[in-house]
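Order of the sequence lines fixes the chain letters, A, B, ..., with proteins taken first and strands second; residue numbering starts at 1 for each chain. This one's a predicted model, so the numbers in the text were calculated from it and none came from an experiment.
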Amino acid sequence: MSQTDTNKPNETKEMELGKFGKFLKDNGIDSTRKDDSINVETIVISVKDLEPALRLLKTSSETKLNMLLTISGVDYTDRIDSIYHLWSYDHNDALVIKVELPKQSQANTDTVNLTSIANFWSAANWHERETYDLVGIRYLRHPYLRRILNPWDWEGHPLRRDYKQLVDALNDKNPHSFR
Amino acid sequence: MSTNLETTNLKTDEMIINMGPQHPATHGVLRLILKLDGEIVRHVEPVIGHLHRAQEWQGQNRTLFQYQALIDRVDYLSGMFTSLAFAHACEQIDGCQIPPRAQYLRALVCEMNRISSHLLWLGTFLIDLGALFGFPFYPFREREKLLDLFEEIAGQRMMFNYIRIGGVQRDPKPSWFEKVRKFTAEFPDRIDEYEAIVTQNPIVLKRTKGVGILDKSVAMDYGVTGPSIRGSGINYDLRKTRPYGIYPELNFEIPLGQNQGDTWDRYMCRILEMRQSNNLINQCLDKMPEGEISGKKQIAGLRIKAGEGFSAIESPRGVLGCYVISNGSDKAYRIRWRNPSFCNLAVLPSLLIGRPISDIMAIFGSIDVILPDVDR
Amino acid sequence: MSNLLTRAKDSIYQVLRGLKTVAVHSLRIPTTKEYPDTMPPLPPHFRGRLALNVNPETNEHLCISCRQCERVCPDKCIEITAHKSPETNKLELIDFKIDHGLCMFCGLCTEVCPTDCIINTNDFEMADYSREALVYDIRKLTLTQGESSHYFAAKEIALPKPKPAKPVASAPIAPSIAKPVETKTEAKPVETKTEAKPAETKTETKPAETKTEAKPAETDTDTKSTDNESK
Amino acid sequence: MSELLNNDLNSTDLARENAALISPELADTVTLTSIDKAINMLSQIVSPIANLARSNSVWPLTFGTSCCAIEMMCVGMSAFDISRFGSEVFRATPRQADLIITAGTITRKMASALITLYEQLPEPKYVIAMGACTITGGMFNDSYSVVQGVDRIIPVDVYLPGCPPRPEAILDALLKLQQKIRTENYAKRRVQAYQQRPVCYVDYDCGRPLEDLLAMAMEDTSLALDQK
């Protein structure tokens, strides 16, 4: 059951910019395109561009990606990705935005920092709280960044690859159990 | 009524009330910390996570074959949908073909499951409104019939483990289809009975009309999906906007709320959806092709190709998404669920603020939240 | 005022309409299932208590100790104890434990079983006063011949082929029906003589000690066991 | 008269038994007086009648967290009709209930609430651990947030395996609980009340049992003393 021995997925090669990548470039935001996830354009943008890019994509009449499906955090052992799935209520387009946060560059290795988008997008509020709780991405300027699923003073972030479970009277091995 | 309460100059002390986690009307274990001014709710803080069972963590630690058996518990009222979302994501990453009979069987059982989920919602919603253990006998009676049908093909009443990566598990017998036909033939009459009791009942109308109005812009900002947003008049149903499976071949309508998106509209949407699902079941039965039922061999070391993908389907509660990152081994690298209840529950504070305390359960019941779907 | 009157009239009409529906229901056939008196008609694929099949024809235990069920179980609720017989160089089952308090009745073990040995029965009355009582050992798990044949028929599983004959020098090729019972050891006739066990506890003749010194049995044990069945 | 004498004999037996049941730290606080003897004698007469009445009116608490709760609702509905066994009155408050059916997974966050509910139940109180999650943790038995068996925090009377059990199985467990109630003795149960308390108290915020916290605090103080 150790999580560290699972192999990382292969690094994906870069592709040329798609529709949304070009749109962002026209507005002065650089992005690189990664391998598509099931025919959905996947782009990687830098930390500082995240907030303006999402603001633009949400409000602009060209894109109108006004539905934030989910924010997921993925721990790739050396970096943590914050992944935004954007859809639209009006049309069929979809976009996946990834922000890569290397663990080493952060002063505090326990959490990695990122800008919150909950101030202009209410849907992000709980998703960011959950990602902070389980994966440990600290969203700066979040209105109420508190653990949401685990108790408020839980230690550690369970979906990190190096998370060690706490063993006490509530979850130690039962002598009658086979496990 | 309540609007009058809002404008009175009567000042009362602020009071903090803790509601839950053990409360008969919270459908499980939701805790609401309410700040009240007399009867009026001024601030709400939902505390969730009392049922956090680490489903995503389990997904990393179990093989795909084992995890298929677990995911019915993500949303136990619509286990077929959670299985389907996971299977869709894995199939799209893997690129395997699903035989048409399996596609039709999936649509058939999913629509049956949608009806059974809405029936349970109807019963509990009326309990929330105060019809304690009187009305719920009726929807539960039909639900038992559906559960018996599920039990025959899947083996259990709620934890089906029926939809698998690549197809479905078991081919039902012809007698089973006959039983489904018998159910669909009499079900519209049953809905008429519920409507005769509930829909125009003056007490229900007082409790629901104009209560908990969900504004379109607020709903879109929070990412609300499912019947909750269709009650507000936004035509957003994945079966039409991003069709999956065999839904393009089927003929159905999306019921929308007629008024401004209050509790009664959401109630009506679900009632009409049950009728539409009944039609869909009949269509699936008519068009059911012969052939294989699984395009991938169900073995213990089930593997999919490396890659990542997000698939979403329309569950009874909204857009149920599953984001799978696979590294080609028999375990997934990361599984992330996008649960409709989680996103729909986030909008609850904005609906409750300014309403009297008696409306809390009516509004909460009308957005149809299932707590394991919130907490995973 | 007239508006109020029409509303009142309408409300009363609607309430009466609902009451009529409720009243009509009291004349219908009751839907309650009288459970303790009548057992519910369960479908054959219902996933109830786990059990181990025996060959319905020859009454030999079907488990070949391949441990596939143990490996696939998401809860790890199955524990198999087996050992390699030094004489025949084959795995022989010693004990088979299932913790039903841990089991989630997903049915994966029954899907991967190569000999259709482990199955889900239609039994669901497992409630007990202690947690240890929920751990079923091989005696509690193994079905009788009659029950096995019932489940083989109900689940529409093809009847198992009897185990191939063990390499015995004295009897190189024997009729396949007579052969399988040779796994029943010579301890069996002793037990049947002393206690005259009832038919359902027949599998008790497969505990650890007797298995270790398993020898190719003669044909007379075969006849003895059939005698035992007829009793 | 002879019956009474017998009862007296029984009660002394009972007292000897009870002496073993009392935990050592409480032994000096409990004295078996003549009142106890009288209660024992009375309970011999009253218990069978009271047990019969009690066993046929077990009122469950509406405590449901997940999947099993739906089956618990089904068992109250028309198809299975738990009211045939006198348990149709699902109470919303623990003060009016006799039985907790722990229907669904108990997580660390929920454990303290369950203990509070259990303590609020008036004596005599019973617990049915329903479903794999509450018996052993079930399919979540290695997950970080789930209590691995509800018998780690409260005492359990009947274990009901299944995931979720059929509604008929709940009726079966209820019948088995009724059998257990009928064989009970009031005086014995009163003495055993020390054992009927929650097994270990869990701190609400961190989800750790209080025993662990106390042990940690003791260790800390002993360390501090050592340093002095």
Side-chain angles (χ1 to χ4, degrees), chain C residues 21-22 24-43 45-51 72-79 97-110 120-136 140-141, chain D residues 67-68 71 74-85 88 101 105 126-143 146 148-152 155-181 183:
Chain C
T21 316
V22 175
V24 166
H25 269 84
S26 62
L27 303 174
R28 291 197 185 156
I29 306 162
T31 50
T32 308
K33 299 165 187 164
E34 301 282 340
Y35 155 63
D37 305 330
T38 58
M39 288 302 278
L42 291 174
H45 293 291
F46 174 70
R47 299 202 294 263
R49 179 172 70 83
L50 290 169
V72 82
C73 182
D75 297 356
K76 302 274 178 291
C77 74
I78 301 175
E79 189 185 60
K97 279 186 184 168
I98 296 180
D99 187 352
H100 277 94
L102 195 56
C103 178
M104 68 171 192
F105 302 94
C106 57
L108 293 187
C109 47
T110 62
N120 284 106
T121 62
N122 283 5
D123 180 20
F124 54 82
E125 293 162 322
M126 287 173 284
D128 217 311
Y129 301 112
S130 76
R131 184 157 152 179
E132 290 73 43
L134 296 176
V135 182
Y136 287 26
K140 268 177 130 177
L141 283 173
Chain D
C67 337
C68 293
E71 294 293 56
C74 286
V75 86
M77 294 302 165
S78 47
F80 301 101
D81 199 10
I82 203 171
S83 59
R84 290 178 291 147
F85 307 101
E88 77 275 27
I101 302 178
T105 321
Y126 304 97
V127 178
I128 294 180
M130 176 183 176
C133 305
T134 55
I135 298 174
T136 56
M139 66 240 75
F140 305 109
N141 62 2
D142 52 353
S143 123
V146 174
Q148 310 295 310
V150 77
D151 53 0
R152 293 180 185 217
V156 174
D157 292 287
V158 177
Y159 295 87
L160 169 57
C163 188
R166 276 187 69 86
E168 284 102 344
I170 305 175
L171 296 178
D172 175 48
L174 183 72
L175 291 174
K176 280 178 177 154
L177 180 72
Q178 289 184 355
Q179 275 176 17
K180 186 178 181 178
I181 295 173
T183 56

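The shortest heavy-atom contact between C:Tyr129 and D:Lys176 is OH-O, 2.7 Å. Across C:Leu134 and D:Pro161, no two heavy atoms sit closer than the pair CD2-CG, 3.7 Å. Shown here for D:Met139 and C:Asp75, the closest heavy-atom pair between the two residues is CA-OD1, 3.2 Å.
For the atom pair CD of C:Glu34 and CG of D:Asp81, the computed distance is 8.5 Å after rounding to the nearest 0.5 Å. To the nearest 0.5 Å, the span separating CZ on D:Phe140 from CE on C:Met104 amounts to 8.0 Å. Note that NE2 of C:His25 and OG of D:Ser78 are 9.0 Å apart. Values are rounded to the nearest 0.5 Å. A distance of 11.0 Å separates CD1 of D:Ile135 from NE2 of C:His100, quoted to the nearest 0.5 Å.
D:Arg166 forms a cation-pi arrangement with C:Phe46, by the criterion of a distance under 6.0 Å to the ring centre and an angle within 45° of the ring axis.
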Please test C:Met126 against D:Leu160 for side-chain contact (heavy atoms from CB on, under 4.5 Å), starting from the C-alpha separation and ending with a verdict.
CA-CA 7 Å; C:Met126 287 173 284; D:Leu160 169 57; over 6 Å; no
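In this structure, the side chains of C:Tyr35 and D:Asp172 come closer than 4.5 Å at one or more pairs of heavy atoms. Within the 4.5 Å cutoff, the side chain of D:Arg84 has heavy atoms near those of the C:Thr32 side chain. Residues D:Asn141 and C:Leu102 are in side-chain contact: their nearest non-hydrogen atoms beyond the backbone lie under 4.5 Å apart.
When each of C:Pro30, C:Cys106, C:Pro36, C:Cys103 is checked for heavy-atom pairs under 4.5 Å with chain D, C:Pro36 comes out on top.
For D:Phe85, the part sitting under 4.5 Å from any heavy atom of chain C is the side chain, from C-beta outward, and nothing else. Residue contact with chain C, scored on non-hydrogen atoms closer than 4.5 Å, involves the side chain of D:Leu175 exclusively.
Remark: C:Leu27 CG is packed, more than 12 non-hydrogen atoms of other residues, nucleotides or ligands lying under 6.0 Å away.
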